[in-house]
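To start, the structure itself, in structure tokens.
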Amino acid sequence: MRLTALLAMAARVKVHPDYRYGTSRPWTVGAQRMNPPGKKRRKVFVEPIQPEDWSLFKGDTVEVLAGKDSGKQGKISQVIRARNWVILEGLNTHYRYIGKSGEYRGTYIASESPLLVREVALVDPSDRKPTQVEWRFTEEGERVRVSLRSGRILPKPVVQRRDGVVPEQWKDGPKDTSPDDALEKTYSASLKTFEEEIAEATGVVETRAGRRTFWY
Amino acid sequence: MGLLSGLARGLVRGADRMAEWTSKRGSRTFYKNRGARKTGVLTSSGKFVQVREMVPELVVPRLDAGFKLKPYVSYRAPPGTEEPQTPHKLFTEVVAPRIEKEIKEGTFDPDNLEKYGLERSQEGKIFQLYPKNYVR
């Protein structure tokens, strides 16, 4: 059971309904230490926010309204929807030692603590003050976040891809289909199955029908 | 993280009982198939007769002249706007115009719906729709 147990740890983690989500991802060693299989903790109550009402995204600039760093503005580096958490870069920090081994005490680093969504507010880019935000539709039909105080649209932050590719500046290689060829509509609806169309196109004439089969 | 450290952690002796028993394990005379299907029939004299219809044949379009699609798609391509095909859409695009034309001409025949594509039974067809007897 040992090797297969090891391999199973890398597979998708099944999480029970009362799982307590933390700042580490459920498949990491730290999260598994916090939530061993038989452990039952007091249930943490999370305000239910509908997916369509969620307005904070990774990369947004927000201002902290409560806590140690209240009044400061920072960029969101991580969003944990399961607990309505938002982790900002360099704000709401506490200090800890990491990488302790033997006699070496480890490196002293600042680690950010999560904030609830109700304790932060999005910053209006026109006057750089915190505002309440609502989802509305533009005249084109696009769903955008609108600041309630000034009416300015808050664009969704552009997240850079991890592989560093910027789609607008991509140069096609020899094995890349160009966007026009990929989006060309060549499908014509017909009542024949794909196999029947190919048989017709290649001139395959098959008069033998298969053996009679039954299903129940 | 190897097998040895896993064993040392478990502190229990013996082989890994839960590992899959494949054709790669077992002795020289051990035979086990890994899912490949037979392409013919074994006769009573022991000879294997291959049946051409059971051998899979890949039908590939001509890739040399005027074929514009390549293995990968450029990052610049936006997500497509075509909706997935539904039976309702297929009927509206293919069958409905034919029926409308016949009604206008006055030759619509409600007893002979086979000429608009109705198939009352799948018997006699090579590629039956239900139960589906083709791979795709």
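Side chains are part of it too, since the values below use all heavy atoms of this structure and drop only hydrogens, waters and symmetry mates. Chain letters run A, B, ... following the sequence lines, proteins first, then strands; residues in each count from 1.
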Tell me, for [X] versus chain A, whether the close heavy atoms (under 4.5 Å) come from the side chain, the backbone, both or neither.
X        : result
B:Phe67  : neither
B:Pro78  : both
B:Val94  : side chain
B:Gln122 : neither
B:Gln85  : side chain
B:Tyr134 : side chain
B:Leu69  : both

If you count every heavy atom of other residues, nucleotides or ligands that lies below 6.0 Å from [X] atom [atom1], does the total exceed 12?
X        : atom1 : answer
A:Gln78  : CD    : yes
B:Arg62  : CZ    : no
B:Lys115 : NZ    : yes
B:Lys89  : NZ    : yes
A:Arg25  : CZ    : no
A:His94  : NE2   : yes
A:Phe194 : CZ    : no
B:Arg25  : CZ    : yes

Between B:Leu129 and A:Thr193, is a side chain to side chain contact (heavy atoms under 4.5 Å, CB included) present by the stated rule, with each step listed? CA-CA 9 Å; B:Leu129 294 173; A:Thr193 56; 3.7 Å; yes
For the side chain of B:Arg76 and the backbone of A:Gln169, is there at least one donor-acceptor N/O pair under 3.5 Å apart? no
Side chain of B:Ser74, backbone of A:Ser178: donor and acceptor closer than 3.5 Å?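 No; judged by distance alone, with no hydrogens or angles, the pair does not exist.
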Evaluate side chain to side chain contact (heavy atoms under 4.5 Å, CB included) for B:Lys125 paired with A:Glu196, printing each intermediate quantity in order. CA-CA 10 Å; B:Lys125 280 178 71 177; A:Glu196 284 168 4; 4.1 Å; yes
How long is the straight-line distance from CG of A:Asp176 back to NZ of B:Lys70, given to the nearest 0.5 Å?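 Spacing of NZ (B:Lys70) from CG (A:Asp176) equals 8.0 Å.
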With side chain to side chain contact (heavy atoms under 4.5 Å, CB included) as the test, would you mind laying out the steps for A:Asp172 and B:Tyr72 before giving the verdict? CA-CA 10 Å; A:Asp172 289 347; B:Tyr72 302 94; over 6 Å; no
Let's test your reading of the structure: which of B:Val59, B:Val95, B:Ile126 forms the most heavy-atom pairs below 4.5 Å with chain A? B:Ile126
Given that the side chain runs from C-beta out, which part of [X] has a heavy atom under 4.5 Å from chain B: side chain, backbone, both or neither?
X        : result
A:Arg161 : side chain
A:Ser190 : backbone
A:Arg208 : both

Look at A:Glu195, A:Lys185, A:Glu206 and state which one has the largest set of heavy-atom pairs under 4.5 Å with chain B.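 Most pairs with chain B among the choices: A:Glu195.
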Could you check A:Leu191 against B:Leu90 for side chain to side chain contact (heavy atoms under 4.5 Å, CB included), going step by step and ending with a plain yes or no? CA-CA 8 Å; A:Leu191 292 177; B:Leu90 183 64; 4.3 Å; yes
Please give me the minimum heavy-atom distance between B:Glu123 and A:Arg212, naming the atom from each residue.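 The answer is OE2-NH2, 3.7 Å.
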